[in-house]
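Count residues from 1 along the sequence.
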Amino acid sequence: MLVLTCYLEPLLYYLETSMPAPQPTLLRQLLLGTAALMAGLHMTARAATFNVAPVRLEFAQQARTAAITLSNPSDQPLVIKLEVVAWTQQDGQDIYTPTTDLLVVPPIFTLAPRSTQVVRVALRRAVDPRKELSYRLYLQEVPGKSAGNGVSVQVLLRVGVPIFVQPAAAPVSSLSWQARLGSDGLLHLTAQNTGTTHVQVTHLGALGTGTVVLLDEDMSAYLLPGQTRSWSYKPRQALSPGAKFRLQAGTDAGDFSVDLTLDR
């Protein structure tokens, strides 16, 4: 008997874990590939699920503990393992490293059918005096035993929950933007987080002369304090160096617009 395990995060949680915008296509490809493989090998499948609330934790300046609730809407028990990692960024890439800054209780448990489990998260270190601290809590379904003969597929969930610890000083949210026109005609946008707390960009739009829509893109991208991130798009109308347009951005800190001039 062969057991193939597929780890699958729902799109809902990808939106909260800073995955790039094209991920839904990859997700569909994974599902289609799994279905094709099952059809070719006459597999049996076991797909379980669990719900998490909230999908992001934020420790206020005086808070030392927080809680997440997991629920199992299925008719089968699930074994869930938890792991906390420190989260930093470099050159637009997320970096995760082991940490003991946070204590998670319980670290592993069985979630009975149609039941819930409260997970406690406690901060074990002092807050940073000036800058927000960032972590991720991964909730991983552990593969269970496979019943029967033949080949079976287990579709398991792995959910990443962002955790933010506010600095001792009042947090400041601030993004600065630059726009550049590439030799290939692409519009290159760069955001720098000049504040002391994270910013999650959820939408980018751009209006040209006469309110022409140059760009209208949904996304989910985190910028940690002091970090820079860039995006490249083909505008819906040809642009030239020196052209002016209005950038409209949606973030978890609020929506705003800024007038930009294209550099070469």
Under 3.5 Å: donor-acceptor pair, side chain of Asp184, backbone of Leu186: yes

Gln89 and Asp94: side-chain donor and acceptor closer than 3.5 Å? yes

Gln200 side chain to Ser220 side chain, donor-acceptor N/O pair below 3.5 angstrom: yes

Does any N or O in the side chain of Ser134 come within less than 3.5 Å of the main-chain N or O of Phe164, such that one atom is a donor and the other an acceptor? no

Lys131 and Thr196: side chain donor to acceptor below 3.5 Å: no

Main chain of Arg125, side chain of Asp101: is a donor-acceptor contact present, judged purely on distance under 3.5 Å? no

With heavy-atom distances below 4.5 Å as the criterion, would you say the side chains of Val258 and Leu175 are in contact? no

Applying a strict under-4.5 Å side-chain criterion to I, L, V, M, F, W and Y, I'd like to know whether Leu103 and Leu57 cluster together. no

Beyond-backbone contact of Thr190 with Trp177, side-chain heavy atoms, under 4.5 angstrom: no

Tyr135 ring center near Tyr96 ring center (under 6.0 Å): no

Value rounded to 0.5 Å, distance of CD in Glu132 from NE2 in His198: 5.5 Å

Close side-chain approach of Leu181 to Asp263, heavy-atom, < 4.5 Å: no

Crowded around Gln178 CD? As in, over 12 foreign heavy atoms under 6.0 Å? no

Let me confirm one number: the CG-CG distance from Leu139 to Leu82, rounded to the nearest 0.5 Å. 4.5 Å

Over 12 non-hydrogen atoms of neighbours within 6.0 angstrom of CZ in Arg130: no

Nearest 0.5 Å, please: how far is CZ in Arg64 from CG in Leu102? 9.5 Å

With rounding to the nearest 0.5 Å, note down the distance linking CD1 in Ile80 to CG in Leu111. 6.0 Å

Between OG1 of Thr197 and CD of Gln166, what distance do you get to the nearest 0.5 Å? 6.5 Å

Asp259, CG: over 12 other non-hydrogen atoms inside 6.0 angstrom: yes

Go through it in stages, so that I can follow the logic: the residues are Arg56 and Glu58, the test is salt bridge (Lys or Arg N to Asp or Glu O under 4.0 Å), and I'd like the CA-CA distance, side-chain angles, deciding distance and then a yes or no. CA-CA 7 Å; Arg56 183 165 71 184; Glu58 298 196 29; 3.4 Å; yes

Leu214 and Leu207, any side-chain heavy atoms less than 4.5 Å apart: no

With rounding to the nearest 0.5 Å, note down the distance linking CG in Leu223 to OG1 in Thr228. 7.5 Å

Leu187 side chain near Leu262 side chain, heavy-atom distance below 4.5 Å: yes

Can you find a pair of side-chain heavy atoms, one from Ile95 and one from Trp87, that are under 4.5 Å apart? no

